[in-house]
Structures are given as C-alpha cells and as structure tokens.
Amino acid sequence: QVQLVESGGGLVQAGGSLRLSCAASGRAFSTAVMGWFRQAPGKEREFVSGISRSGGSTYYTDSVKGRFTISRDNAKNTVFLQMNSLKPEDSAVYYCALDRAFVVRSTVESYDYWGQGTQVTVSS
C-alpha cells in the first residue's frame, strides 16, 4: 500500500512562489510515474505536471509551462512542484498522484494512489 502526503500549500500574492512537496511511503515510488493535479471549486480535477520514474522526462499543462517545475528525489521518496509567478487562476487544491505505468499519463483515471491534497490560494 502506498500513502502520499502533500505539504507546502498556502496563501500567496499574485507573482509569488510556493513549493509543494509530496512524500510517499512504500517501495513503489522509484518505479512509478508521479503526477500533480489540481481541482478548483466547481471544476474537474486537471493534470498539472508529471515526471517519469527516473526524473528524466517532465510534462506540463500549457497554462503552467515556464512557471512550474516538477522534480523528484527517489532517495527520499519525494516529488516536488516549484510554482513561480503564481496567478489567481492557479488557486486550487493540489494533489499528488502515483501511477505504476511506464510512461507519464495525464488522465485522472490512470493514477493508482492519491494524496489528500493541499490548498493553494493566490490573491490578486
């Protein structure tokens, strides 16, 4: 069984930065794809970013390209999301997720385990 615990969310002004972390328990982390998703009130959960098992390949939704950076530390079973130049429309609950696939996928249904989420609020 895998448990994912996110941290690092909070309230920040537009243009500011936050760094989200997701710590995973269990042995599956280093052999799994990791993803970050977000869900704003009244909206569906959407893919934000994903990273391959080795960390060599990363993917971003268009709206965060150039502002967000995903990374992972397999020795510490942790994945990060560095968020810069934050905008009010980035406000949402952010979830990390683990997928036991070989490639990064962007659909919610592809991921096997989810964290509880961390709130990010960007004020204008």
Side-chain angles (χ1 to χ4, degrees):
Q1 188 72 12
V2 175
Q3 290 188 325
L4 304 174
V5 179
E6 302 98 335
S7 61
L11 173 64
V12 65
Q13 289 187 333
S17 298
L18 284 173
R19 188 190 195 208
L20 305 184
S21 300
C22 173
S25 65
R27 300 180 179 179
F29 182 84
S30 62
T31 59
V33 163
M34 295 300 297
W36 285 97
F37 289 75
R38 66 186 179 187
Q39 187 167 19
K43 295 188 177 181
E44 294 186 352
R45 192 169 298 189
E46 65 170 351
F47 175 80
V48 175
S49 182
I51 189 166
S52 63
R53 294 180 293 174
S54 68
S57 297
T58 58
Y59 302 85
Y60 302 92
T61 193
D62 286 346
S63 62
V64 308
K65 284 179 181 177
R67 300 189 297 121
F68 290 12
T69 303
I70 190 171
S71 61
R72 67 189 296 163
D73 184 339
N74 285 346
K76 296 183 178 180
N77 278 16
T78 304
V79 62
F80 305 96
L81 187 67
Q82 177 67 44
M83 306 186 295
N84 298 330
S85 302
L86 282 161
K87 304 175 181 181
E89 51 264 43
D90 293 318
S91 297
V93 177
Y94 283 70
Y95 299 89
C96 73
L98 183 148
D99 183 1
R100 293 174 291 185
F102 290 98
V103 296
V104 176
R105 298 184 286 186
S106 61
T107 57
V108 170
E109 296 76 17
S110 301
Y111 287 75
D112 304 296
Y113 299 96
W114 293 83
Q116 82 288 350
T118 186
Q119 177 71 49
V120 171
T121 303
V122 184
S123 63
S124 58

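As the structure is a prediction and not an experimental result, all values here were calculated from the model.
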Is there a donor-acceptor pair closer than 3.5 Å between any side-chain N or O of [X] and the backbone N or O of [Y]?
{"X": "Arg72", "Y": "Ser52", "value": "yes"}
{"X": "Ser49", "Y": "Tyr59", "value": "yes"}
{"X": "Tyr60", "Y": "Ile70", "value": "yes"}
{"X": "Tyr111", "Y": "Val33", "value": "no"}
{"X": "Ser25", "Y": "Gln3", "value": "yes"}

Between atom [atom1] of [X] and atom [atom2] of [Y], what is the distance when rounded to the nearest 0.5 Å?
{"X": "Cys96", "Y": "Ile51", "atom1": "SG", "atom2": "CD1", "result": "12.5 Å"}
{"X": "Ser85", "Y": "Phe68", "atom1": "OG", "atom2": "CZ", "result": "9.0 Å"}
{"X": "Gln13", "Y": "Leu86", "atom1": "CD", "atom2": "CG", "result": "11.5 Å"}
{"X": "Cys22", "Y": "Asn77", "atom1": "SG", "atom2": "CG", "result": "10.0 Å"}
{"X": "Gln39", "Y": "Glu46", "atom1": "CD", "atom2": "CD", "result": "9.5 Å"}
{"X": "Leu18", "Y": "Asp90", "atom1": "CG", "atom2": "CG", "result": "10.0 Å"}

With hydrophobic residues grouped by side-chain heavy-atom distances under 4.5 Å, do [X] and [Y] end up in a single group?
{"X": "Val122", "Y": "Trp36", "answer": "yes"}
{"X": "Tyr113", "Y": "Val93", "answer": "no"}
{"X": "Val79", "Y": "Val108", "answer": "no"}

Presence of salt bridge, Asp62 and Lys65, under 4.0 angstrom: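 Looking at Asp62 together with Lys65, the answer is yes, because their closest N to O distance falls below 4.0 Å.
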
Any [X] side-chain heavy atom under 4.5 Å of [Y] side chain:
{"X": "Glu6", "Y": "Tyr94", "value": "no"}
{"X": "Phe80", "Y": "Thr69", "value": "no"}
{"X": "Met34", "Y": "Phe29", "value": "yes"}
{"X": "Asp112", "Y": "Val2", "value": "no"}
{"X": "Leu4", "Y": "Tyr95", "value": "no"}
{"X": "Met83", "Y": "Arg67", "value": "no"}

Atom CD of Gln82 with >12 non-hydrogen neighbours under 6.0 angstrom: yes

Pair Phe37 + Trp114: ring centers closer than 6.0 Å: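 Judged by ring-centre distance (under 6.0 Å), Phe37 and Trp114 do meet the cut-off.
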
